Amino acid sequence: MRRNLSVLKEVTERSGAHVLSALKAFSMFALAPVIREYLEGTCASGLYEARLGREHYGGDVATFCAGYKTDEIDEIIGYSNHMIFNSAAQKDRFLPNVRAATHHVDVGLRINPEHSEGEVEKYDPCAPCSRLGVPVSQLSTEVMAGVDGIHMHTLCEQEFEPLLRTWMAVKDKLAPYFSQLKWINFGGGHHITRKDYDREALIGFIKDVRAATGLEVYLEPGEAVALDAGILVGEVLDLPKNGIDLAIVDISATCHMPDVIEAPYRPAMLGEAEEGYTYRLGGPSCLAGDVIGDYSRAEPLKIGDRFAFLDQAHYSMVKTNTFNGVALPAIALWNSESDELKILRKFSYSDFLTRLS
């Protein structure tokens, strides 16, 4: 975590950008004191995350939601420094609430650049008929009335070049409004802490945007904050055969790593061999599709063997559920310098029970 955060802080210091941690990807607030050392605040997706950001992380809280509820809006405003709206209608509807706040709150508007860089359509905010953001072709003086900043989140686990291409496609359409704006927020999806990410190009780009537009620049990395920082440890429960070697494990794709099914993707395993004994790993739930993938080990698996999937701190933790009554994994924090391992939370039947009644 500190390695990732150090990289993000260097981008902040050298480019002048404001970097916020996206709680939707990683909201393990036991590490909030660490994150506060490096970043300027958080971005939230609604009431609960905005409150979490304000109460545990401090700094700026930038909140975006595709649709705000009337009975929550004032409380959200109370926690936020930036209120970012998904449509001109919601902006106009709730602008009086923002202006009535007891502290200053900037009004942001999310736009759809109508330039697609997404590799998977269902994760592409610029896909045809997207519900996210005002299409840039629909911007007008009326739509932009009362707006202090523009928000555009268009990337997903991507390098620098897609950001540059998106900006080149949209900057001239936004230029008429630069004089009224304070900032532009490029959202998340930037794999800034990945080893092969071109951070020098990003730093130069941010400096150029600030100089050309006169605006402050915000970034909202989520995955980049916790990239490669966490593992999910499981245990082999059974080793049946049905045409191939199978392994039933206590990790469920649908309950513990839903992106394996939704994205889909295949998580990397610690100690996986290129060849050897291959098993199809699946969870303990009744869902036929609760399959994690095929994995090879140098030695045959035995019941009770433990293993670990890599890079599971971001998104997996925030998406867990208790379908079938499958238990949630305990949450632990390991200090690699001192080798201290601290169990932060163990889940029990009462956690399952209180969600339902």
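This structure is a prediction, so every number in the text was calculated from the model and none was measured.
- Between the side chains of D148 and W183, no donor N or O sits under 3.5 Å from an acceptor N or O.
- Shown here are the salt bridge (Lys or Arg N to Asp or Glu O under 4.0 Å) partners of R280, two or more places apart in sequence or in another chain: D294.
- Taking the six-membered ring for Trp and the full ring otherwise, the centers of Y218 and H18 sit less than 6.0 Å from each other.
- A cation-pi arrangement is absent between R36 and Y57 under the rule of less than 6.0 angstrom and at most 45 degrees off the ring axis.
- Side chains of S116 and D124: a donor on one and an acceptor on the other come within 3.5 Å.
- Under the side-chain contact (heavy atoms from CB on, under 4.5 Å) criterion, E161 pairs with E159, R165, not counting sequence neighbours.
- For T320, the side-chain contact (heavy atoms from CB on, under 4.5 Å) criterion is met by L328, not counting sequence neighbours.
- Counting only heavy atoms from C-beta outward, the side chains of I331 and M28 approach each other to under 4.5 Å.
- For D196 and R194, the salt-bridge test passes: some basic side-chain N is under 4.0 Å from an acidic carboxylate O.
- Residues meeting the side-chain contact (heavy atoms from CB on, under 4.5 Å) test with I231, sequence neighbours left out: V233, A308, L310.
- A donor and an acceptor atom, one from each side chain of E223 and H191, are located under 3.5 Å apart.
- Within the structure, ring-ring contact (aromatic ring centres under 6.0 Å, His included) contacts touching residues 85-140 (residues at least two apart or in different chains) are Y68-F85.
- Every residue meeting the ring-ring contact (aromatic ring centres under 6.0 Å, His included) condition with Y295, not counting sequence neighbours, appears here in chain and number order: F309.
- Using a 4.0 Å cut-off between charged side-chain N and carboxylate O, R297 and D245 make no salt bridge.
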